[in-house]
Amino acid sequence: MKQLRKTEWQKGYPIKKNLALCAWVLMLLAGFAGILSHPENIPSLVACVLALAGAVLTLPRLIRYCRKTYHSMPVLNRRLTKEEQEELVEHEIFKTIKNHCGGQILLKVRTGSGLMEVMF
């Protein structure tokens, strides 16, 4: 659990979630405030309606982004629960990949049957 949270904070995902949520709320409030304060000014009314439309259209993506448990494992978010993901990487040791072979990355993966090399 500590390794996943450490990776999430190193990549800044909790901060990014909060910033995205704050930007969305600001867009929503700006739209409502503009409509309520100056309804007779047509250009500002159009801008406010566009801000509200942007807030409504980005809401599903924002919800999907905020509901992800761990952004560093995007494929596993759809298949495993948070507890299963934490259990999966509990005793893993993560290292930076340094082996480059002609522009390709050589990755050694530990599987149940042994060690396997994968080229990307």
Side-chain angles (χ1 to χ4, degrees):
M1 179 171 87
K2 292 179 184 176
Q3 182 66 37
L4 285 175
R5 287 199 179 159
K6 182 180 174 183
T7 304
E8 292 287 309
W9 277 101
Q10 285 175 345
K11 301 282 184 177
Y13 290 120
I15 295 169
K16 290 176 187 177
K17 277 183 184 181
N18 289 332
L19 285 176
L21 189 60
C22 288
W24 185 84
V25 168
L26 185 66
M27 188 173 15
L28 187 70
L29 289 177
F32 278 128
I35 289 174
L36 295 176
S37 65
H38 298 291
E40 67 279 347
N41 190 356
I42 300 298
S44 69
L45 185 65
V46 170
C48 296
V49 169
L50 287 176
L52 284 175
V56 169
L57 292 175
T58 57
L59 182 62
R61 282 187 159 186
L62 180 71
I63 290 173
R64 202 173 339 136
Y65 183 77
C66 289
R67 290 187 67 200
K68 282 186 182 177
T69 53
Y70 294 114
H71 291 268
S72 55
M73 300 189 318
V75 176
L76 297 178
N77 278 329
R78 298 182 204 135
R79 294 195 167 93
L80 299 175
T81 64
K82 184 176 180 178
E83 291 80 20
E84 290 172 333
Q85 290 177 29
E86 290 170 355
E87 183 181 318
L88 183 66
V89 295
E90 186 175 342
H91 300 291
E92 294 291 329
I93 299 172
F94 295 96
K95 295 182 181 178
T96 306
I97 300 172
K98 295 182 181 178
N99 297 336
H100 295 282
C101 303
Q104 294 181 337
I105 299 173
L106 175 64
L107 177 63
K108 293 184 179 181
V109 180
R110 183 177 52 181
T111 62
S113 59
L115 196 62
M116 178 175 76
E117 291 184 1
V118 180
M119 296 284 287
F120 289 100

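Starting from 1, each residue takes its place in the sequence as its number. This is a predicted model, so every value here is computed, not measured.
The environment of NZ in Lys11 is sparse: at most 12 heavy-atom neighbours from other residues, nucleotides or ligands sit within 6.0 Å.
Atom CG of Leu52 and atom CG of Leu29 lie 9.5 Å apart (nearest 0.5 Å). For the atom pair CD of Glu87 and CD of Gln85, the computed distance is 11.5 Å after rounding to the nearest 0.5 Å. Here Arg79 contributes atom CZ and Glu84 contributes atom CD; the two are 12.5 Å apart, rounded to the nearest 0.5 Å. To the nearest 0.5 angstrom, Lys17 atom NZ is 10.5 Å from Leu62 atom CG. We find the CG-CH2 distance between Leu59 and Trp24 to be 5.0 Å, quoted to the nearest 0.5 Å.
The two atoms that bring Leu57 and Pro60 nearest to each other are O-CD, 3.6 Å, heavy atoms only. Scanning all heavy atoms of the two residues, the minimum distance from Ala30 to Cys48 falls at O-SG, 4.0 Å. Scanning all heavy atoms of the two residues, the minimum distance from Met27 to Thr58 falls at CE-OG1, 4.1 Å.
Linking ILVMFWY side-chain heavy atoms closer than 4.5 Å, directly or via other members, places Phe32 and Leu21 in a single hydrophobic cluster. Hydrophobic clustering, with ILVMFWY side chains joined whenever heavy atoms are under 4.5 angstrom apart, groups Ile63 together with Leu28.
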